[in-house]
Participant: 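One structure, as structure tokens, below. Some questions next.
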Amino acid sequence: LHLVDAEITTAPAIGPDGSVWVGTAAGTLYRMAHDLSSAISDPVTPGYAIGAGLAIASDADQTVLAPSAQGRLVAWDPATRTARWTFDAGGSIAGAPAVTAGGQVFVGSNAGLLFSLQLSDGSLLWQYDAGGPITSAPAVDPVSVLFVAPNPEEPAGAVAVRNAQL
């Protein structure tokens, strides 16, 4: 086992190579060998907690998507150990982002917005106003994005997606 710099704030994510990734309240991202024999740490969002969940893309670079309590989504390149891009969601991000094999990223914010981003450069494809905070991870299937806005007066939301369009 390895000591970390602060409380672990994410569920573990497993990379395609079997590595185990976690984020901390201090904004540090840890990559550990699958048998936990070694660890590498990088300050991704220094001073701001990494949100509740990470996502690891299936692209060639195995980009790690790390949300932060300050409302930023960071696309982390594990090879260069640098941020590829950062997206400001306008409100804290509580749930893990979802990423498709086609390179589309979905993330919701406490500001009530669901965003669709391009994995390669973080560019905004579209956004949807859910009418209330989105505090869970979105789920994707081939034709829709499902999300939950925790308002007991409103049903869970679903947004139909066709060819990266809302």
Side-chain angles (χ1 to χ4, degrees), residues 8-25 27 29-31 34 44-45 48-78 83-166:
I8 293 175
T9 54
T10 67
I14 308 297
D17 62 355
S19 58
V20 179
W21 293 82
V22 295
T24 71
L29 189 61
Y30 286 84
R31 174 177 44 184
H34 69 281
V44 176
T45 59
Y48 295 95
I50 293 177
L54 303 170
I56 301 175
S58 60
D59 63 338
D61 299 321
Q62 298 179 18
T63 303
V64 178
L65 298 162
S68 77
Q70 76 187 83
R72 291 195 179 114
L73 180 63
V74 177
W76 189 255
D77 184 329
R84 179 173 295 137
W85 52 261
T86 301
F87 178 79
D88 187 347
S92 64
I93 302 170
V99 61
T100 68
Q104 195 170 358
V105 177
F106 299 95
V107 66
S109 77
N110 280 342
L113 298 172
L114 177 68
F115 299 97
S116 173
L117 310 172
Q118 185 63 45
L119 176 63
S120 60
D121 61 8
S123 59
L124 178 67
L125 299 172
W126 53 259
Q127 69 182 36
Y128 174 79
D129 187 343
I134 299 173
T135 58
S136 65
V140 296
D141 68 21
V143 296
S144 60
V145 181
L146 305 172
F147 63 92
V148 176
N151 180 346
E153 304 295 319
E154 299 291 329
V159 177
V161 178
R162 305 244 191 283
N163 299 323
Q165 297 296 317
L166 179 63

Participant: Quick one: are Asp61 and Arg84 in side-chain contact, heavy atoms under 4.5 Å?
Facilitator: yes

Participant: What I want to check is whether the side chains of Asp17 and Ser19 have a donor and an acceptor closer together than 3.5 Å.
Facilitator: yes

Participant: Which atom names give the shortest non-hydrogen contact between Pro67 and Leu65, and what distance separates them?
Facilitator: CD-O, 3.7 Å

Participant: Decide yes or no for Leu113 and Ile134: does some side-chain heavy atom of the first lie under 4.5 Å from some side-chain heavy atom of the second?
Facilitator: no

Participant: So which atom in Ile93 and which in Gly95 form the shortest heavy-atom distance, rounded to 0.1 Å?
Facilitator: CG2-O, 3.4 Å

Participant: For the residue pair Leu73 and Trp85, establish whether any side-chain heavy-atom pair is separated by less than 4.5 Å.
Facilitator: yes

Participant: What are the two closest heavy atoms between Gly103 and Gln118, and how far apart are they?
Facilitator: O-NE2, 3.4 Å

Participant: Check whether any side-chain heavy atom of Leu125 sits under 4.5 Å from a side-chain heavy atom of Leu117, and report yes or no.
Facilitator: no

Participant: Once rounded to the nearest 0.5 Å, what's the spacing between atom CG of Leu124 and atom CG of Asp88?
Facilitator: 11.5 Å

Participant: To the nearest 0.5 Å, how far apart are OG in Ser68 and CD1 in Ile50?
Facilitator: 8.5 Å

Participant: Kindly give the heavy-atom pair with the smallest separation between Ala89 and Ala111, and that separation in Å.
Facilitator: O-CB, 4.4 Å

Participant: Val99 and Ala57: which non-hydrogen atoms are nearest, and at how many Å?
Facilitator: CG1-CA, 3.9 Å

Participant: Out of curiosity, Ile56 CD1 to Ile14 CD1, how far, rounded to the nearest 0.5 Å?
Facilitator: 7.5 Å

Participant: Do Ser116 and Gln104 meet the criterion of a side-chain donor-acceptor pair at a distance under 3.5 Å?
Facilitator: yes

Participant: Would you indicate whether the side-chain heavy atoms of Val74 and Leu29 approach each other to under 4.5 Å?
Facilitator: no

Participant: How many angstroms lie between OG in Ser92 and OH in Tyr48, if you round to the nearest 0.5 Å?
Facilitator: 12.5 Å

Participant: Which of parallel (below 30°), tilted (30 to 60°) and perpendicular (above 60°) describes Phe106 and Trp126?
Facilitator: tilted

Participant: Are any non-hydrogen side-chain atoms of Thr10 and Trp21 less than 4.5 angstrom apart?
Facilitator: no

Participant: Pro12 and Val20: which non-hydrogen atoms are nearest, and at how many Å?
Facilitator: CB-CG1, 4.1 Å

